[in-house]
Amino acid sequence: MDLSLLFPILILLLFIPIFLSGRKQKRQMAQTQAMQSALAEGDVVTTTSGLRGTVVDASYEDTIDLEIADGVVTTWLRAAVREKLPQDTHAEHADETGGATAASSATTTELPTSGSTSANGTTSANGTISDASADSTAEEKK
């Protein structure tokens with residue numbers, strides 16, 4: 001194989017991934033802009049700064065009003081919306097089960113079976129209780 005053909009092939013192999021990633025990024029940007037322009041009242045969104053809120057007014061072209069707490073409405077640029085969250089099905093399920101959520105039905109963590117736990121929550125390896133900090137605190141109070 002001729003070395004003069006190797007250089008153009010190498011350049012081509014390097015630029016193909018760059019070209020494909022640029023197309024992917026443009027596609028994602030178009031999807032984000034379409035989502036931002038299609039926001040409607042009642043949508044739950046997350047902003048680029050991590051704020052979660054409900055769209056109250058989406059009648060303006062460049063801004064939306066988000067309710068971030070009961071009675072607290074703030075105005076944001078549409079471009080600040082990162083994603084539209086799906087409707088919360090967990091809250092509907094919690095209402096049907098009497099308010100029990102998946103987090104409250106989770107099992108509690110068990111304590112280690114070997115060794116013992118001190119007052120500050122540390123477990124000693126040899127089974128003795130290490131209350132050095134508790135003893136020094138008790139002596140300071142006297």
Can you tell me how far apart CD (Q28) and CZ (R23) are? Round to the nearest 0.5 Å. 13.0 Å
What heavy-atom pair brings E83 and M35 nearest, and what distance separates the two atoms? CA-CE, 3.9 Å
Just verifying a value: how many Å separate T48 OG1 and L77 CG, rounded to the nearest 0.5 Å? 9.5 Å
Just how far is it from atom CD1 of I64 to atom OG1 of T74, taken to the nearest 0.5 Å? 8.5 Å
Any heavy-atom pair between the side chains of W76 and V81 that's under 4.5 Å? no
Please tell me whether L51 and V56 are part of a single hydrophobic cluster in this structure, the criterion being side-chain heavy atoms less than 4.5 Å apart. no
Are L14 and L6 co-members of a hydrophobic cluster defined by side-chain heavy atoms under 4.5 Å apart? no
Taking the side chain as C-beta and beyond, is there a heavy-atom pair between I11 and F7 under 4.5 Å? yes
Out of curiosity, does L66 fall in the hydrophobic cluster containing V44 (side-chain heavy atoms, cut-off under 4.5 Å, transitive links)? no
Would you confirm whether E67, through its side chain, and G71, through its main-chain N or O, come within 3.5 Å as a donor-acceptor pair? yes
Hey, any chance I68 and L39 share a hydrophobic cluster, counting ILVMFWY side chains that come within less than 4.5 Å of each other, even indirectly? yes
Using only atom types and a distance under 3.5 Å, with no angle test, would you say the side chain of T63 pairs donor to acceptor with the backbone of Y60? no
Check whether any side-chain heavy atom of L85 sits under 4.5 Å from a side-chain heavy atom of T46, and report yes or no. yes
Side-chain (R78) to main-chain (A58) donor-acceptor, under 3.5 angstrom: yes
Between V72 and V55, is there a shared hydrophobic cluster once you connect ILVMFWY residues whose side-chain heavy atoms come closer than 4.5 Å? yes
To the closest 0.5 Å, what do you measure between CD1 (I9) and OG (S4)? 9.5 Å
Nearest-0.5 Å distance that lies between atom CZ in R27 and atom OG1 in T32: 12.0 Å
Rounded to the nearest 0.5 Å, what separation is found between the CG atom of D65 and the OG atom of S59? 7.5 Å
